Amino acid sequence: MEEETGALPAKNDFSSWFNEVLWRAEVMDVRYPVKGLYVWFPHGFAIRKHVYERLREIMDRDHQETLFPLLIPEHEFMKEAEHIKGFEEEVYWVTHGGKNQLDVPLALRPTSETAIYPMYALWVRSHADLPLKMYQVVNTFRYETKHTRPLIRLREITSFKEAHTVHATWEEAESQVRAAIEWYIEFYTGLCVPVIVSRRPDWDKFPGADYTVAVDTIMPDGRALQIGTVHHLGDHFSQTFGITYEDDKGVQRYAQQTCYGISERCIAALISLHGDDHGLVLPSSVAPVQVVIVPILIGKRRAEVNTAAEMMEQVLRAAGIRVKRDIREIRPGAKYYHWEMRGVPIRLEVGPRDIDAGVVSAVTRTGDRSTIPRGDLVPGVQALLGQVTASIKKRATDEIRSRITVAGNVDDVVLAVQTGIAVVPWCGERRCAELLEEKSGGSILGMYVRSELVEGIDGVCPVCGQKGCCTLIGRTF
RNA sequence: GGGGCAGUAGGGUAGCCUGGUCCAUCCUAGAGCGUUUGGGACGCUUUGACGGCGGUUCGAAUCCGCCCUGCCCCA
């Protein structure tokens, strides 16, 4: 199905590397004949499945999963003015059923506020119904005019996890925003993806929100990738859609809302941050295959080796480890390259030499070779899985940290943006931002930065000299 | 949004300017047979394409038009 041999483009040629690794590691097939739509290969889909299982585990602690329709009637979609302005140009419309023109055009959801909130208006009656917290994982459609790119800029976002909550007070909604940020950080920590949290400037907030907090990471080419957003919606939508509740004194009040989302960009980040010149590198938590067993079949001892490999497979599977025994009739070296490309954390080799020594040879995807006594297979493998994950995490954190630079003046900003993100004490004035953006080629990502990777900084705006607050500037995807 | 460049078998390319054959090609992939197997094996046999639609022509991968798709650069 895929091109097996030959080297990947080097990862420092990130754009080529990314396109090529999606194909060679069987993540996405980009050959679907509609712009901006791509096909998940089974291996990519299996990665997606494990990643979203992690995400669901977290969401299920405080939300109920639900499912709303894909189609939104025009009159609902067109209710919230700012929201319309933000999405109008990107909406696909269904206008016909067969040959008949529809009385009411139907939008393919670009996001689901206008699908969900009319129902919330029916469901929320009293303060006893609050808080209401739901999420769904769905596809959404946006007619992107910029260059589309698999997993990153799509016309069909196939894996949009969106949560929508309703609260009695603005403060309660804000504490939900803070909780959501914590969950997103936890989620990305599980993927070994370091993130930076910041509050988007007003001109870049979600259309219809009071404010937007974004979760960004930095890709290998130094550009920032937004991989999560959390919005405090205030009562904008509840006023539009009539989401009211009766408080404990019998007064009707508008509800306060939040929404927050993560898309398959999380998988773009996972792949891009950890991958190397040999292909994907996956943390064991989301690796579809955590351990591959390659039997070394030579001459007369084939049966013996096969039996040993089968037993290893059984033992590991019984221990809950996702294991694959590769029994294809190809040379072992070809199998090594095959599974390295797909990011398998651990390869176990068993051949006559190992059997005689009572061990199994283990090689981690991060490059460590060792032997495990046959009797200690499960604990040995579990320890190695932990090692691989720790090593991936350290590598990614070091990499991201090296791309974040505290910049005290305009020249430093320009320099920092060439390789990553600048941290600047910006004053908050739009015209200072414009100057910084113009000179550096980057954009203001956000203020009130929060990240283990960024020291809080005090100082003055490098443009005007007024007191500034910790702000991120970088090129974006 | 503006501007380039490109699309030829599963993948990568030559051919296009200057239209012309029965077998384009190399690296691979698929099928078959055999020898192999501790880091991408080899031999032999074989399958398979000119992005789509329309036009010009006796004849189009090649020339013209429109569309679709991809990549790069600039806003």
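Residue numbering restarts at 1 for every chain, and letters A, B, ... go by the order of the sequence lines. Predicted model, so just to flag it, every value in this text is computed and none were measured.
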In chain order, what residues pass the ring-ring contact (aromatic ring centres under 6.0 Å, His included) check against A:H232, with sequence neighbours excluded? A:W170, A:Y211
How far, in whole Å, is B:G48 from B:C22 if one measures between their P atoms? 15 Å
According to the salt bridge (Lys or Arg N to Asp or Glu O under 4.0 Å) rule, which pairs have a member within residues 82-97 of chain A, sequence neighbours left out? none
For B:G1, which nucleotide in any strand shown is its Watson-Crick or wobble partner with both distances under 3.5 Å? B:C74
Just how far, in rounded Å, is P of B:A41 from CD1 of A:I330? 8 Å
For B:G39, does OP1 or OP2 lie under 4.0 Å from any side-chain N or O of A:R331? no
Please measure how far the P atom in B:U13 lies from the corresponding atom in B:G7, and state the result in whole Å. 9 Å
Is A:Y337 stacked on the base of B:G40, with ring centres under 5.5 Å apart and planes under 30° apart? yes
Residue closer to the 5' end of RNA chain B, A:T145 versus A:R302 (nearest nucleotide): A:T145
Does any donor atom in the side chain of A:T158 or A:E264 lie under 3.5 Å from an acceptor atom in the other side chain? yes
To the nearest angstrom, how far is A:D326 atom CG from B:G40 atom C1'? 13 Å
Let me have the donor-acceptor pairs involving side chains of residues 440-451 of chain A, under 3.5 Å, with sequence neighbours excluded, atom names and distances please.
unit_1 : atom_1 : unit_2 : atom_2 : d
A:S440 : OG     : A:L436 : O      : 2.7
A:S440 : OG     : A:G442 : N      : 3.1
A:R450 : NH1    : A:E182 : OE2    : 2.5
A:R450 : NH2    : A:E182 : OE2    : 3.4
A:S451 : OG     : A:V195 : O      : 3.2
A:S451 : OG     : A:L453 : N      : 2.9

Measure CD1/A:I298 against P/B:A41 and give the value in whole Å, please. 14 Å
Residue set satisfying ring-ring contact (aromatic ring centres under 6.0 Å, His included) with A:Y143, at least two apart, ordered chain then number -> A:Y92
Taking only the C1' atom of each, what is the distance from B:C71 to B:G34 in whole angstrom? 44 Å
Whole angstroms only, please: what is the CD-P distance between A:E349 and B:U37? 16 Å
Across all chains, not counting sequence neighbours, the ring-ring contact (aromatic ring centres under 6.0 Å, His included) partners of A:Y38 are none
In terms of relative ring orientation, are A:F477 and A:F14 parallel, tilted or perpendicular, with 30° and 60° separating the classes? perpendicular
Take atom NZ of A:K335 and atom P of B:G40, then tell me their distance rounded to the nearest Å. 13 Å
Compile the donor-acceptor pairs under 3.5 Å between side chains in residues 404-417 of chain A and protein atoms, sequence neighbours left out, one pair per line.
unit_1 : atom_1 : unit_2 : atom_2 : d
A:N409 : OD1    : A:D411 : N      : 3.1
A:N409 : OD1    : A:D412 : N      : 2.8

Parallel, tilted or perpendicular, judged at 30° and 60°: which one describes the rings of A:F237 and A:H83? perpendicular
Distance check, C1' atoms only: B:C63 and B:U57, in whole angstrom units. 10 Å
On a whole-Å scale, what distance lies between the C1' atoms belonging to B:G15 and B:G20? 14 Å
Give me the distances for all protein-to-nucleotides 47-54 of chain B N/O pairs that come in under 3.5 Å?
none

Would a distance-only check, ignoring hydrogens and angles, find a side-chain to backbone donor-acceptor pair under 3.5 Å from A:T217 to A:P194? yes
Find the partner of B:C53: check Watson-Crick (N1-N3 plus N6-O4 or O6-N4) and G-U wobble (N1-O2, O6-N3) distances, both under 3.5 Å, and reply none if neither fits. B:G65
Summary of salt bridge (Lys or Arg N to Asp or Glu O under 4.0 Å) pairs that have at least one residue in residues 356-375 of chain A, sequence neighbours excluded: A:D276-A:R365, A:R301-A:D356, A:E349-A:R369
Considering only heavy atoms and no angle criterion, is a donor-acceptor pair shorter than 3.5 Å present between the side chain of A:E340 and the base of B:G39? yes
Mind listing the residues from residues 290-297 of chain A sitting with a heavy atom below 4.0 Å of RNA chain B? Number order is fine. A:I296, A:L297
note: A:H338, atom NE2; B:A29, atom C1'; distance rounded to Å ~ 14 Å
Between B:U37 and A:R328, counting only base atoms on the nucleotide and side-chain atoms on the residue, is there a donor-acceptor pair under 3.5 Å? no
Strictly under 3.5 Å: I want the nitrogen or oxygen pairs between protein and nucleotides 67-75 of chain B, one per line.
unit_1 : atom_1 : unit_2 : atom_2 : d
B:U69  : OP1    : A:K35  : N      : 3.0
B:C72  : OP1    : A:S15  : OG     : 2.5
B:C72  : N4     : A:H147 : NE2    : 3.0

Residues that A:F160 engages under ring-ring contact (aromatic ring centres under 6.0 Å, His included), provided they are two or more places apart: none
Output the rounded distance in Å from OH (A:Y336) to P (B:U37). 14 Å
Pairwise P distance, B:C50 and B:C58 [rounded to whole Å]: 24 Å
Separation of the P atoms in B:G70 and B:C33, to the nearest angstrom: 40 Å
Would a distance-only check, ignoring hydrogens and angles, find a side-chain to backbone donor-acceptor pair under 3.5 Å from A:R199 to A:T212? no
Paired with B:A24: which nucleotide, if any, by Watson-Crick or G-U wobble criteria at under 3.5 Å for both distances? B:U13
What residues in residues 270-283 of chain A put a non-hydrogen atom under 4.0 Å from any atom of RNA chain B? none
Determine whether a donor-acceptor pair (N or O, by modelled atom type, separation under 3.5 Å) exists between the side chain of A:Y52 and the backbone of A:S159. yes
Distance between the P atoms of B:A60 and B:U46, in whole angstroms? 30 Å
Can you confirm whether the side chains of A:T111 and A:E113 place a donor and an acceptor under 3.5 Å from each other? yes
When you measure from the side chain of A:R353, which nucleotide among B:U36, B:G39, B:G38 comes out closest? B:G38
Just call it for A:R347: base, sugar-phosphate, or nothing, with non-hydrogen atoms closer than 4.0 Å on any strand. base
Tell me which nucleotide, if any, is Watson-Crick or G-U wobble paired with B:C44 when both distances must be under 3.5 Å. B:G32
Taking the six-membered ring of A:W203 as reference, does the NZ or CZ atom of A:R430 fall below 6.0 Å from its centre and within a 45° cone about the axis? yes
Output the rounded distance in Å from CD1 (A:I355) to C1' (B:G38). 13 Å
